[in-house]
Number of protein chains: 2
Amino acid sequence: MPKPTADSAALGLGVDRTSPVPLYYQLARQLETAIEQGLLAPGSLLGNELELAARLGLSRPTVRQAIQSLVDKGLMVRRRGVGTQVVHSRIKRPLELSSLYDDLEAAGRRPATRVLRNTVEPATADIAAALGVAEGSDVHLVERLRYAYDEPMALLCNHLPPQLLDLGTERLESTGLYRMMRSAGITLHSARQTVGARAATVEEGELLDEAAGAPLLTMERTTFDDGGRAVEYGSHVYRAARYAFEFQLLVRP
Amino acid sequence: MPKPTADSAALGLGVDRTSPVPLYYQLARQLETAIEQGLLAPGSLLGNELELAARLGLSRPTVRQAIQSLVDKGLMVRRRGVGTQVVHSRIKRPLELSSLYDDLEAAGRRPATRVLRNTVEPATADIAAALGVAEGSDVHLVERLRYAYDEPMALLCNHLPPQLLDLGTERLESTGLYRMMRSAGITLHSARQTVGARAATVEEGELLDEAAGAPLLTMERTTFDDGGRAVEYGSHVYRAARYAFEFQLLVRP
DNA sequence: ACCTGCGAATTGTCAGGACATATAGTCGAC
DNA sequence: GTCGACTATATGTCCTGACAATTCGCAGGT
């Protein structure tokens with residue numbers, strides 16, 4: 001028995017029909033935690049769908065929907081005629097579209113922000129194209145210096161469509177841009193990023209406490225909400241010695 | 001009527017039941033091309049699911065499955081009580097997990113490869129951890145210099161588990177690593193990447209035709225197949241002036 | 001003019017069944 | 001002993017039907 005079938009009875013699986021949480025979602029969460037806790041060993045086969053549905057008192061489509069969500073996350077693999085098994089290594093989920101502020105705060109690195117500029121300016125051609133507004137129309141411009149542990153970390157230049165947010169300088173210095181968007185009811189959906197590197201200019205070196213010519217990590221990002229509208233275009237530079245991007249790429253067939 | 005309902009009859013929608021291609025997939029592709037060609041205007045409402053199913057002679061679950069795949073790609077948004085509409089701006093699909101060789105060839109930049117090393121060595125601790133093998137066990141080591149337009153572009157150092165591929169030096173110089181994997185029946189699934197920057201060492205500068213201290217873009221990547229096994233660990237450096245990473249991040253709720 | 005409650009429209013969830021198809025193991029013929 | 005065909009098994013696809021939850025427009029009252 002090289003690939004044992006998991007004993008689903010021992011996994012504490014079971015749904016609560018009085019809960020407003022969808023049944024497929026309850027099951028998916030339970031399976032996911034079972035995988036994370038090692039109760040479902042990598043490579044082990046999940047019992048077949050019909051049997052699993054019968055034991056839980058669910059229909060097969062519901063069970064399939066739960067399993068499919070885990071397959072989409074890369075936690076499981078289905079093979080016709082064989083069954084569904086847990087992948088061998090832990091594939092972490094794709095990183096959430098995150099803000100630098102949240103990342104730093106989650107790492108306990110005491111983020112701080114100094115606002116260098118906070119104005120409204122006419123959009124240049126490339127910025128208008130990125131945000132999907134008319135060239136020359138007013139856009140917000142925010143330039144910030146981000147610190148961690150009281151040391152400069154990154155220089156952030158962001159452009160936003162007009163009348164999207166109330167960009168008070170005090171709030172900008174106490175929280176992150178994405179958090180302000182979320183609390184304004186904007187649901188972020190995706191972002192297109194370009195990451196590169198270049199040498200620091202003299203001005204950048206002074207602001208970031210680096211020598212001119214020091215390697216910097218650059219990132220340009222356009223962020224879209226769930227309606228597909230661009231809500232932000234950012235042009236950031238990071239001190240290479242203190243920051244790197246970590247993320248996951250998925251193959252989409 | 002600020003949000004017109006699309007006239008699906010004019011979109012040439014219709015499925016071929018004699019085809020072995022799944023019906024939901026046929027429909028999804030047709031909708032996707034209609035969006036790309038502008039026949040389905042951004043913001044326009046797709047007719048309701050029941051009516052669409054009736055017109056196409058399909059059941060509602062099949063139509064839902066087709067639409068859901070487009071929603072997952074970020075091309076459409078569903079709202080209960082409202083309908084399904086095309087997102088406002090074109091959100092391009094997340095970039096496929098790609099190899100540098102394929103990228104360069106697709107851009108017509110005449111990629112070439114010089115193999116610097118191609119040996120088997122015992123795994124160090126960090127490489128063993130990345131590949132999920134025992135420390136000290138044999139792993140393949142491949143070091144290559146990648147050219148575009150006869151100019152050096154990147155220095156690629158890759159480690160692979162043993163007996164995964166036949167790594168002939170001649171094949172390595174004529175194609176890319178991922179292409180060799182795919183033709184060996186390996187289905188790539190995802191990759192975890194870390195992207196940063198640093199200054200070039202003297203050796204790197206000589207190989208890449210840059211001065212020592214020039215900014216380089218660095219990338220470390222572990223790639224997994226669909227069974228969750230690590231199939232490659234790469235440590236690459238790119239000339240910053242000639243290369244940048246472009247990719248898309250999705251919010252996963 | 002504004003607020004409130006009702007109802008129509010639409011997607012979200014779930015059930016149960018039917019048949020198709022790929023996989024792996026077994027059994028038989030050679 | 002080896003190779004091929006058959007069969008059991010599991011997922012892939014698709015159908016019909018039903019009810020719940022959410023949104024938005026509209027009528028009515030304040």
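Residue numbering restarts at 1 for every chain, and letters A, B, ... go by the order of the sequence lines.
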By salt bridge (charged side-chain N to carboxylate O under 4.0 Å, His left out), which residues pair with A:Glu220, not counting sequence neighbours? none

DNA chain C contacts made by residues 15-24 of chain A, counting heavy atoms under 4.0 Å: A:Arg17, A:Pro22, A:Leu23, A:Tyr24

Quick test: give all pairs of protein nitrogen or oxygen and nucleotides 21-24 of chain D nitrogen or oxygen below 3.5 Å, distance rounded to 0.1 Å.
from, atom 1, to, atom 2, distance (Å)
D:dA21, O4', B:Arg80, NH1, 3.0
D:dT23, O4', B:Arg80, O, 3.3

Using the side-chain hydrogen bond (donor to acceptor under 3.5 Å, both in side chains) criterion, which residues pair with B:Tyr178? Sequence neighbours excluded. B:Arg221, B:Thr223, B:Glu232

Need two values: the first and the last nucleotide of DNA chain C, 5' to 3', having an atom under 4.0 Å from any heavy-atom of chain B. C:dA9 to C:dT13

The salt bridge (charged side-chain N to carboxylate O under 4.0 Å, His left out) partners of B:Glu173 (sequence neighbours excluded) come to none

Considering residues at least two apart in sequence or located in another chain, which fulfil the side-chain hydrogen bond (donor to acceptor under 3.5 Å, both in side chains) criterion with A:Thr194? none

Salt bridge (charged side-chain N to carboxylate O under 4.0 Å, His left out) partners for B:Arg171, two or more places apart: none

Test of understanding: with side-chain hydrogen bond (donor to acceptor under 3.5 Å, both in side chains), list the residues that count as partners of A:Ser137, not counting sequence neighbours. none

Go through the structure and list residues passing side-chain hydrogen bond (donor to acceptor under 3.5 Å, both in side chains) with B:Thr33, not counting sequence neighbours. none

Partners meeting salt bridge (charged side-chain N to carboxylate O under 4.0 Å, His left out) with B:Glu105 (sequence neighbours left out): B:Arg179

By ring-ring contact (aromatic ring centres under 6.0 Å, His included), B:Phe245 pairs with (sequence neighbours left out) B:Tyr238, B:Tyr243

